[in-house]
Amino acid sequence: MIQTSIIQDLVFWIEGHLEEPLNVKRVASKSGYSQWHLQRLFKDITGDSLAYYIRKKRLQSAASELKQSKRSIAEIAYQYQFDSQQSFTRAFKKMFSTTPSDYRYHN
């Protein structure tokens, strides 16, 4: 299906731009679809909402960064477009059931 191919290309593009500001409007303009249609199509194909997918990928990348670097948690949070270390920690804990610092030292 052409739509599946478009979403796969879009997923690849999103994963290459996780450190940049991404919102539904920007991603929709990249895809050529309306915001509403893109969100429906994205969820149908990936199983995740667009916003959730972006957040999940950012947190997964941040988790990898926590393990591979000595950079501060705040630096990593800002790198992946979180407004503060606190909002990053809340999102991280919700996804991984542990804090970023515990993840860094115990996983």
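Excluded from the calculations below are hydrogen atoms, water molecules and symmetry mates; all remaining heavy atoms, backbone and side chain alike, are included.
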So, the side chain of [X] versus the backbone of [Y]: is there a donor-acceptor pair under 3.5 Å, distance only?
X     : Y     : answer
Gln81 : Glu19 : yes
His17 : Trp13 : yes
Ser87 : Ser84 : yes
Arg58 : Phe82 : no

Going from [atom1] on [X] to [atom2] on [Y], what distance comes out if it is rounded to the nearest 0.5 angstrom?
X      : Y     : atom1 : atom2 : answer
Ile14  : Asp9  : CD1   : CG    : 11.0 Å
Arg55  : Ser49 : CZ    : OG    : 10.5 Å
Tyr103 : Ile73 : OH    : CD1   : 12.5 Å
Ser31  : Leu10 : OG    : CG    : 5.5 Å
Ile76  : Leu59 : CD1   : CG    : 12.0 Å
Gln85  : Ser72 : CD    : OG    : 7.0 Å

Within-4.5 Å side-chain heavy-atom neighbours: [X] and [Y]:
X     : Y      : result
Ile7  : Leu38  : yes
Val11 : Ile45  : no
Ser69 : Arg104 : yes

**Study point:** Same apolar cluster (I L V M F W Y, side chains within < 4.5 Å links), Tyr78/Phe92
**Key:** no

Check your understanding: Quick one: do Arg26 and Glu20 make a salt bridge, cutoff under 4.0 Å?
Key ->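 The answer is yes: the pair qualifies as a salt bridge.
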
Exercise for review: Please determine if Lys43 and Asp48 form a salt bridge, counting it only when a charged side-chain N lies under 4.0 Å from a carboxylate O.
Suggested key: no

Practice item. Please indicate whether Lys30 has more than 12 foreign heavy atoms, meaning atoms of other residues, nucleotides or ligands, lying under 6.0 Å from its NZ. Key: no

Review point. Would you say Lys56 has more than 12 foreign heavy atoms packed within less than 6.0 Å of its NZ?
Key: yes

Review point. Under the side-chain contact (heavy atoms from CB on, under 4.5 Å) criterion, do Lys57 and Tyr52 qualify, and how do the steps go?
Key: CA-CA 9 Å; Lys57 288 300 182 181; Tyr52 178 78; over 6 Å; no

Study note, to complete from the structure: When every non-hydrogen atom of Gln3 is compared with those of His37, the smallest separation belongs to NE2-NE2, 4.0 Å

Review point. Do you know which of Lys94, Lys93, Gln86 makes side chain to side chain contact (heavy atoms under 4.5 Å, CB included) with Arg90?
Key: Gln86

Practice item. Say whether Ser64 and Gln68, considering side chains only, have a donor N or O and an acceptor N or O under 3.5 Å apart. Key: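 Yes - a donor-acceptor pair under 3.5 Å links their side chains.
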
Check your understanding: Between Phe88 and Tyr80, is a ring pair (Phe, Tyr, Trp, His ring centres under 6.0 Å) present by the stated rule, with each step listed?
Key -> CA-CA 9 Å; Phe88 172 69; Tyr80 288 101; 8.1 Å; no

